[in-house]
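Reading through the structure tokens given below for one structure.
Every heavy atom of this structure was used, including side-chain atoms; hydrogens, water molecules and symmetry mates were not. Numbering starts at 1 and runs along the sequence shown.
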Amino acid sequence: ISDNTDMDFNVKKLASDAGIFFTRAIQFTGEKFGQVEKTELDAHFENLLSRADSTKNWTEKIFRQTEVLLQPNPSSRIEEFLYEKLDRTVPSRPNNEELLGHYMQDAAKDFGPGTPYGSTLIKVGDCERRLGSVQREFLQTSAISFLTPLRNFLEGDWRTISKERRLLENRRLDLDSCKARLKKAKLAESKAAVSLPSSPCSPSLWSEEVDKAEHELRVAQTEFDRQAEVTRLLLEGISSTHVNHLRCLHEFVEAQTAYYKQCHLHMQDLQKELDRFPNAFAGNPGHSMASGGSSPLDPASAVETDTLKIEEVQAPATGTRKAKVLYDYDAADTSELSLLADELITVYTVPGMDSDWLVGERGNQKGKVPVTYLELLS
């Protein structure tokens, strides 16, 4: 008996739900074609709805673009998303800066850490690895302080708001359906009052229908008002969401500031370190350094050497060294010595000469040579 009762209750509930859905569908369709009246929300409520929709749309765009900023690789973003949904930790992998640093240091081992190119690769590679570590910390901080609050709003608060808004829309459809039924019942009652007494639809019957429709309308109005108040409170909470997101935005900017500051400091330290060892550079000395320091061929750095008469310079009794030429070099003027890669020359320095230059000798030829083109031999 109990099973039959439960089954009968489920069938009745299913039929009732189907009836409500059908009634709402009729009301919705009638509104679309302008055949029935629709209860309009007040202007303040409409403004709250518009503000909420705008907040959701812009938050979603900012969230997606921040994800792209922090992780440009689409495959990596998909992988992180899947691991997050599976509630598993994303495997730790080296980022691009760390990989570059590893490759540079491995290359230095192959080329020889004692060569100018190799020693520079070691220094730059170590700096790249530090930059990668700083970036990793920045990504973690940004994800916690900025991305997570935005995601929580989209997947939490906004879903709740959307659910209550759908429920409010259903309550409005029910309310307008009740209004339409009451209107029809009153119209039928008026017609029955002037019809023949023998009419099967007597005025008393329609009075009962009117009373029933009025009762249903009062119930629908109460439910609609209650749901409107719940939805209004949630929509007004968007102001608190803005305040929270503002705080998160400040934290994101602070994280970015710290990140770029640390990167700048690391690069400054690297430039200072490389400037102390000019022979570590393997580029054209005619190009100025990014740090603003003078290059060997920069006129400002050659002022002191211009005062020297190369033909009058004599090799010191001690202090001369052999050097291997790393790259071809064409002399800019008669005071310089042209070089061919892989040849051996004798070099030495003289008082008053810029530290980026040496005097080079090859047989009877003599002239200034840039240190960056040489590998000094012991």
Side-chain angles (χ1 to χ4, degrees), residues 59 61-81 83-84 89-111 113 115-151 245-296 298 356 372:
T59 300
K61 289 180 180 179
I62 293 172
F63 175 79
R64 299 303 175 198
Q65 192 56 40
T66 305
E67 280 190 321
V68 174
L69 172 68
L70 300 181
Q71 179 49 269
N73 190 330
S75 299
S76 297
R77 290 202 304 273
I78 293 174
E79 181 186 40
E80 292 174 0
F81 174 79
Y83 272 100
E84 181 181 346
T89 304
V90 181
S92 178
R93 296 188 180 90
N95 54 34
N96 292 331
E97 287 80 0
E98 291 171 332
L99 279 175
L100 178 60
H102 283 298
Y103 291 157
M104 284 183 170
Q105 293 183 333
D106 289 343
K109 295 177 183 178
D110 191 19
F111 298 149
T115 64
Y117 187 34
S119 61
T120 303
L121 280 172
I122 291 176
K123 294 181 179 68
V124 177
D126 183 61
C127 181
E128 291 295 335
R129 293 177 65 177
R130 291 198 299 270
L131 292 176
S133 177
V134 172
Q135 185 194 58
R136 187 182 300 278
E137 181 180 351
F138 165 64
L139 296 181
Q140 293 174 349
T141 303
S142 299
I144 294 173
S145 63
F146 191 60
L147 277 183
T148 299
L150 298 187
R151 183 189 295 111
H245 288 181
L246 175 61
R247 177 182 57 80
C248 296
L249 184 60
H250 276 278
E251 293 180 0
F252 179 59
V253 171
E254 290 175 2
Q256 277 190 310
T257 303
Y259 167 63
Y260 290 119
K261 181 179 180 180
Q262 291 182 57
C263 290
H264 181 65
L265 291 176
H266 284 313
M267 294 308 300
Q268 278 188 322
D269 291 342
L270 175 64
Q271 287 182 325
K272 291 177 182 178
E273 188 174 1
L274 295 182
D275 286 343
R276 288 197 297 268
F277 303 96
N279 63 325
F281 291 98
N284 187 342
H287 293 169
S288 62
M289 306 301 178
S291 62
S294 60
S295 69
D298 186 17
D356 291 331
T372 56

- Message: According to side chain to side chain donor-acceptor pair (under 3.5 Å), who are the partners of Q105, at least two apart in sequence or on a separate chain?
- Response: R129
- Message: Check whether T148 reaches the backbone of A143 with its side chain - one donor and one acceptor, N or O, closer than 3.5 Å.
- Response: yes
- Message: Measuring only between side-chain heavy atoms, which start at C-beta, is E251 closer than 4.5 Å to I144?
- Response: no
- Pairing residues for H266 by the side chain to side chain donor-acceptor pair (under 3.5 Å) criterion, not counting sequence neighbours: R130
- Query: OG1 of T257 to CD of Q262: how many Å apart, nearest 0.5 Å?
  - Reply: 11.0 Å
- Query: Are side-chain heavy atoms of N96 and L100 found at a separation under 4.5 Å?
  - Reply: no
- For residues Q268 and L265, determine if any side-chain heavy atom of one lies less than 4.5 Å from a side-chain heavy atom of the other. yes
- Message: For a quick test of reading the model, state the closest non-hydrogen atom pair linking F138 to L70 and the distance between them.
- Response: CE2-CD2, 3.7 Å
- Would a 4.5 Å heavy-atom cut-off, applied to side chains only, mark R136 and Q140 as touching? yes
- Can you find a heavy atom in the side chain of L270 that is under 4.5 Å from one in the side chain of M267? yes
- Who passes side chain to side chain donor-acceptor pair (under 3.5 Å) against Q256, sequence neighbours left out? none
- Heavy-atom closest pair, residues C263 and L131: CA-CD2, 3.7 Å
- Message: Quick check against the 3.5 Å criterion: does E137 have a side-chain atom that pairs as donor or acceptor with the backbone of V134?
- Response: no
